[in-house]
Amino acid sequence: MPLSKHTDTAFQKCIHPDCGREFDCSQVLFKCPACGELLDTQYNWDRIEVPDKLSRFAKRWADRDKPLDFSGVWRFRELLNFCEDKYKVTIGEGQTILQRNDSVAKYVDMSTSGGGCLYLQYEGLNPSGSFKDNGMAAAFSHAEMVGAKSCACASTGNTSASVALYAHSRGVKCTVFVGSGRIAFGKLSQGIEYGAQTIQILGDFDDCMRQVQDVCTRLGLYLLNSLNPFRLEGQKTIMYRILEGLGWEVPDWIIVPGGNLGNSSAFGKAFCELKAIGLIERIPRMAIINATGADTLTDLVNNKKLLWNDGHVEQAVIDDYYAALTARNFSPHTCASAIEISRPVNLKKCLRAVDICDGVVRAVTDEEICDAKAIIGKYGLGCEPASAATIAGLKHLRAEGIVGADERVACVLTGHPLKDPNLTVNYHKEKRSQFSNPPVEAPNDLDEIIKLIK
Ligand code: F0G
């Protein structure tokens, strides 16, 4: 394998065991050129000075003057060591909070005694308001390393907002593809405001994802979707920060919404690596939660029994499934627009993560998502609809007895509540909503106003 001077600590590797070809990190690929499978970023751990204990990483945070130490991504840099410091990009991502939340715990029937069981990892605090910034810090560093001048992504909204923000901070030209009418207003407004050229395709996310890959190939644009293996390296740090928030103890469960399945893939890889290099002793279980209107993963895993199978995933099962979707002209639909995806590009990596983390997969209805979101908003820091799928899913898993009342669970709240204010206001205005809190009209009269105060 050729190793360049930039990247002797890391390389790209095809995930298919029968191929497994390796490529230098200086190559811009996004799929294995030999077999078309997904690529991983892999490390030569023996050439990396990894701290002997995870707690060593926390100390860096105190050094606010050093941007790479302050970054919630790069302060873990030895664990994603694919480029030199001079290429590393940060705009202050990853300053997130792991909040213990007993009120939400009660909603899902979890114990609140002892140390408390339910924790919410709030990624809405990122600069663009979602977890995507973790990945973009890493992917834009790779883009910097390879000298990319223009980039693109397909998006249900958050990726485009994040890409647009990082692109203008680096002076990189940026085009984003979104499904027309398929993206929450807050997210659309961000991409436009941050200066991205926004192309609204008459189609859904899966159509955009197909188009953007061809556009990037034809025009030589740098692709920032989670097919980009360097992006997923940044998203691993969400797990490191959960461990940090728990005093470096491994929780029993990680719960994450499933859309294009980048997060779940990255989280599984993070834990696998931490165990392999001896920084943790056990791997938590993971639950991935789809919306019922976009439940490809749930259907394939729970009904079609699709497995990672040491990398020998039954491609025919996936091909048949997608052919059936096409035959009935299926387009996914859920109010959680962020995860309205029916052909998740990281499906196989996600199956690997399910294998690594003894994972389970569930789908929840839009109503369950909206109710859970109202509870997270009322008792926690709030979140966007897709993020609330975690709590709705956990409620199922508690009812089924798969998650125990005393187990320690960390749910990843992937995005900020202001991403989709329309949905929030409509939910609360609707009297039939279980937790509605409608605004009250009042005449401009003191006595009448006072009568209304409860
Ligand atoms: N939650 C939010 C808020 C998201 O924006 C996304 C994905 C997900 C969860 C799903 O994460 O793809 O890693 O499984 N949003 C992408 C986008 C697709 O374009 O913004 P995943």
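The chain is numbered in sequence order, starting from 1. Everything quoted here is computed from the prediction, not taken from an experiment. Each ligand, and each atom within it, is numbered from 1 in the order the structure gives.
A salt bridge links Arg210 to Asp207: one of the charged nitrogens lies within less than 4.0 Å of a carboxylate oxygen.
Under the rule for a salt bridge (Lys or Arg N to Asp or Glu O under 4.0 Å), Lys373 has no partner lying at least two apart in sequence or in another chain.
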Side-chain donor/acceptor pairs under 3.5 Å, residues 388-398, sequence neighbours excluded:
from	atom 1	to	atom 2	distance (Å)
Thr390	OG1	Ser387	O	2.6
Lys395	NZ	Tyr107	O	3.0
His396	NE2	Glu368	OE1	3.2
His396	NE2	Glu368	OE2	2.8
Arg398	NE	Asp109	O	2.7
Arg398	NH1	Val403	O	2.7
Arg398	NH2	Asp109	O	3.0
Arg398	NH2	Asp109	OD2	3.4

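Judged as a ring pair (Phe, Tyr, Trp, His ring centres under 6.0 Å), the pairs with a partner in residues 133-181 (not counting sequence neighbours) are, in order, Phe140-Tyr166, His142-Tyr222, His142-Phe230, His168-Tyr194.
Near ligand 1, Phe131, Lys132, Ser155, Thr156, Gly157, Asn158, Thr159, Pro257, Gly258, Gly259, Asn260, Leu261, Gly262, Asn263, Ala338, Ile339, Ile341, Glu384, Ala386, Thr414 each place a heavy atom less than 4.0 angstrom from the ligand.
Under the salt bridge (Lys or Arg N to Asp or Glu O under 4.0 Å) test applied with Asp40, the options Lys236, Lys349, Lys13 reduce to a single match, Lys349.
Geometric assessment of Arg182 against the ring of Phe205 yields a negative cation-pi assignment under the 6.0 Å and 45° thresholds.
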